[in-house]
K.L.:
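Can you keep this structure in mind? I'll have questions shortly.
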Amino acid sequence: MSYAEEREQNIARNRALLDGLGINPLRPKCEPKENLRKKVAAKKRKSPLPESDELEEPLKKAPRIADDNNEPGGARRSSRLAGKTVDYKQEQDRGVPEPITFKRSQKLKVGQVKSKRTYDPHMYGHIPDVEVGTWWATREDCSNASVHGPWVSGIAPGPDGAYSIALSGGYDDDVDEGYAFTFTGSGGRDLRGTKTAPKNLRTAPQSSHQSFEDRNNAALQRSVDTQKPVRVIRGFKGKARSKYAPSEGYRYDGLYFVKKAWIEKGLNKGGFLVCKFAFMRMPGQEDIPVNDGGDDESDE
DNA sequence: GGGCCCGCAGGG
DNA sequence: CCCTGCGGGCCC
């Protein structure tokens, strides 16, 4: 079977799986009327660059979190996001936001402030003061905003499930429908090379099976049971196949639940097994910006 | 564009 | 100290 055929097959399987998760009330809202109107308008005026009003939303800059030098007693701030439209269920323990305490000795460059973070990323749910749709240029910035801690890793594991994940389009057969998507786990890559040809890489092609023994994959599997919300950021590298990926940088798209975890034959040379997960967006959140960008070539 | 290197977060 | 990880920057 050719790569293209296998890819189609995997995509069809993943898409069917997403659809089989049940009717999602968000689905009609993911293509809101405003976007449809914009789409029509954009086609009419045939301008490759949309008007500024369309650009404002997704490119909202991350609020630079001022490091309020953690006062011991007074640093507690209200954990309520009062006035938000998000409808939180009782069971969603978002954790009490505590000012982060730094256990690690950090190398300080000249003039660098010690604390880059106001909140500890090791908590479930929203990070206070970070709105859905917030955008960062790099993973480092996103990490400093406490939304997704790791600079490279796509999964931030925790005891009751993953805290957050990064969608960067690294797998050709992942399906992104905005309100729901499939996600491939970690592991099974050869990052070090051989003794004779050491590599010391951070990412690499699939070269062995993934499994739920992997710490990251195990965390996402736990998310299925605990139904803790997972923060999701979408990266620009996914824009080739997902219209929900930002054109640049990384965007916080809010909270999702992991509804299913399974193992399937991945789309890779060698047919190695990969861990896959089906995500569904928590209701009541701001719509995901849809990227209609001009250079869309590969629509199946 | 690809290849290579390497900092950092996070955990054992 | 070790290891991993859907980064990013540099060089070519």
Side-chain angles (χ1 to χ4, degrees), chain A residues 10 14 100-109 112-123 127 136-176 181-220 222 230-242 244-246 248-251 253 256 266-269 272 274-277 279 295:
Chain A
N10 284 14
N14 281 269
I100 189 169
T101 54
F102 288 88
K103 299 170 192 166
R104 297 166 186 281
S105 58
Q106 295 191 339
K107 298 176 235 170
L108 297 182
K109 297 165 191 166
Q112 181 182 342
V113 223
K114 183 167 184 178
S115 46
K116 291 180 180 173
R117 288 176 179 165
T118 305
Y119 297 102
D120 191 339
H122 298 87
M123 53 176 275
I127 300 299
W136 305 272
T138 64
R139 286 280 296 269
E140 178 182 359
D141 293 335
C142 176
S143 176
N144 290 340
S146 306
V147 172
H148 184 67
W151 284 30
V152 176
S153 179
I155 304 167
D160 300 322
Y163 297 116
S164 55
I165 63 134
L167 271 172
S168 290
Y171 293 87
D172 260 354
D173 53 352
D174 274 335
V175 174
D176 186 6
F181 59 85
T182 62
F183 182 79
T184 302
S186 70
R189 298 169 184 237
D190 179 22
L191 303 175
R192 291 190 301 173
T194 63
K195 282 180 182 175
T196 56
K199 288 186 174 177
N200 191 19
L201 297 173
R202 299 297 177 268
T203 65
Q206 214 69 36
S207 59
S208 60
H209 294 313
Q210 294 184 359
S211 82
F212 289 114
E213 303 291 306
D214 180 279
R215 172 188 167 78
N216 294 329
N217 300 338
L220 282 173
R222 285 195 297 276
V230 180
R231 292 186 296 275
V232 169
I233 63 170
R234 277 186 173 83
F236 68 99
K237 291 178 183 173
K239 67 184 174 184
R241 293 191 325 281
S242 170
Y244 301 101
E248 291 297 331
Y250 298 85
R251 186 187 64 221
D253 280 346
Y256 285 70
L267 188 63
N268 52 62
K269 198 173 181 177
F272 298 110
V274 294
C275 297
K276 302 216 64 162
F277 307 90
F279 282 70
D295 48 76

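Protein chains get the first letters and strands the later ones, always in sequence-line order, with residue 1 at the start of each.
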K.L.:
Rounding to a whole Å, what distance do you find between D190(A):CG and dG5(C):P?
P.N.:
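Nearest whole value for this atom pair: 10 Å.
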
K.L.:
Which residue lies toward the 5' end of DNA chain B, R215(A) or P198(A), if each is placed at its nearest nucleotide?
P.N.:
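The residue closer to the strand's 5' end, by nearest nucleotide, is P198(A).
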
K.L.:
To the nearest Å, give me how far apart CD1 (I155(A)) and P (dC6(C)) are.
P.N.:
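Rounded to the whole Å, the gap is 6 Å.
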
K.L.:
In dot-bracket notation, what is the pairing pattern of DNA chain C, taking Watson-Crick (N1-N3 plus N6-O4 or O6-N4) and G-U wobble (N1-O2 and O6-N3) contacts under 3.5 Å, with [ ] crossing and | for other strands?
P.N.:
|||||.||||||

K.L.:
Which of these nucleotides, dG7(C), dG12(B), dC6(B), is closest to any side-chain atom of V152(A)?
P.N.:
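Nearest to the side chain of V152(A) among the choices is dG7(C).
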
K.L.:
Among dG11(B), dG7(C), dT4(C), which is the nearest nucleotide to the side chain of R139(A)?
P.N.:
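Of dG11(B), dG7(C), dT4(C), dG7(C) is nearest to the side chain of R139(A).
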
K.L.:
What residue among W151(A), F236(A), W136(A) forms ring pair (Phe, Tyr, Trp, His ring centres under 6.0 Å) with Y250(A)?
P.N.:
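Output: one option passes, namely F236(A).
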
K.L.:
Using a heavy-atom cut-off of under 4.0 Å over every strand shown, decide if F183(A) touches base, sugar-phosphate, or nothing.
P.N.:
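Base, at least one base heavy atom under 4.0 Å.
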
K.L.:
Please assess L167(A) against D174(A) for the test side chain to side chain contact (heavy atoms under 4.5 Å, CB included), listing each intermediate value before the final yes or no.
P.N.:
CA-CA 10 Å; L167(A) 271 172; D174(A) 274 335; 5.7 Å; no

K.L.:
Measure from CG on L191(A) to P on dC3(C) and round the result to the nearest Å.
P.N.:
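My rounded result for the distance is 12 Å.
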
K.L.:
Between H122(A) and Y163(A), what is the ring plane arrangement, given parallel below 30°, perpendicular above 60°, and tilted in between?
P.N.:
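Perpendicular, since the angle between the ring planes exceeds 60°.
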
K.L.:
Which nucleotide wins on minimum distance to the side chain of D174(A), given the candidates dC5(B), dG8(C), dC6(C)?
P.N.:
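Nearest nucleotide to the side chain: dC6(C).
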
K.L.:
Among the nucleotides dG7(C), dC6(B), dC6(C), which one has an atom lying closest to any side-chain atom of Y250(A)?
P.N.:
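Out of dG7(C), dC6(B), dC6(C), the nucleotide with an atom closest to Y250(A)'s side chain is dG7(C).
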
K.L.:
Between dG8(C), dA9(B), dC5(B), which nucleotide has the shortest distance from any of its atoms to the side chain of K237(A)?
P.N.:
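In terms of side-chain proximity for K237(A), the closest of dG8(C), dA9(B), dC5(B) is dG8(C).
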
K.L.:
Can you check whether G235(A)'s main-chain N or O pairs, donor with acceptor, with R139(A)'s side chain at less than 3.5 Å?
P.N.:
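A pair under 3.5 Å: no.
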
K.L.:
Can you measure W151(A) atom CH2 to dT4(C) atom C1' for me and round it to whole angstrom units?
P.N.:
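Answer to the nearest Å: 16 Å.
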
K.L.:
Taking atom C1' in both dC6(C) and dG12(B), what distance in whole Å separates the two?
P.N.:
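23 Å, rounded to whole Å.
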
K.L.:
Taking atom types as modelled, is there a side-chain donor on S211(A) or D214(A) under 3.5 Å from an acceptor on the other?
P.N.:
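No - no donor-acceptor pair under 3.5 Å links their side chains.
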
K.L.:
Among the candidates dC6(C), dC6(B), dG10(B), find the nucleotide nearest to the side-chain atoms of P121(A).
P.N.:
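Nearest to the side-chain atoms of P121(A), counting from C-beta on, is dG10(B).
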
K.L.:
Mind calculating the distance between CG (D141(A)) and C1' (dA9(B)) to the nearest angstrom?
P.N.:
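Atom-to-atom, D141(A) to dA9(B), this comes out as 15 Å.
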
K.L.:
Pick base, sugar-phosphate or nothing for G238(A), based on heavy-atom distances below 4.0 Å to the nucleic acid.
P.N.:
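No contact.
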
K.L.:
With the side chain counted from C-beta on, respond yes when K239(A) and E248(A) share a heavy-atom pair under 4.5 Å apart, and no when they do not.
P.N.:
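SC-SC contact between K239(A) and E248(A) confirmed.
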
K.L.:
OP1, OP2 of dG11(B) versus side-chain N and O of H122(A): anything below 4.0 Å?
P.N.:
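Checking H122(A) against dG11(B): at least one side-chain N or O falls below 4.0 Å of OP1 or OP2.
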
K.L.:
Taking OP1 and OP2 of dC3(C), is either one under 4.0 Å from a side-chain nitrogen or oxygen of R192(A)?
P.N.:
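Yes, within the criterion.
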
K.L.:
Of the nucleotides dG11(B), dG8(C), dC5(B), which one has an atom closest to the side chain of L201(A)?
P.N.:
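From the listed options, dC5(B) comes nearest.
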
K.L.:
Inspect the contact between D176(A) and R241(A) and indicate whether a charged nitrogen and a carboxylate oxygen are less than 4.0 angstrom apart.
P.N.:
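Salt bridge: no.
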
K.L.:
What is the distance from OH of Y163(A) to P of dG11(B), rounded to the nearest Å?
P.N.:
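After rounding, the reported distance stands at 7 Å.
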
K.L.:
How far apart are the closest heavy atoms of R189(A) and S207(A), and which atoms are they?
P.N.:
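Smallest interatomic distance, heavy atoms only, reads C-OG, 3.7 Å.
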
K.L.:
Taking atom C1' of dG2(B) as reference, at what distance in whole Å does atom NZ of K199(A) sit?
P.N.:
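After rounding, the gap between these two atoms is 13 Å.
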
K.L.:
In whole angstroms, how far is the P atom of dG10(B) from the NZ atom of K116(A)?
P.N.:
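After rounding, the gap between these two atoms is 12 Å.
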
K.L.:
Out of dG8(C), dC3(C), dA9(B), which nucleotide sits closest to the side chain of S143(A)?
P.N.:
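Side chain of S143(A) sits closest to dA9(B).
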
K.L.:
Ignoring the backbone of S168(A), work out which of dA9(B), dG7(C), dG11(B) is nearest its side chain.
P.N.:
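Nearest nucleotide to the side chain: dG7(C).
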
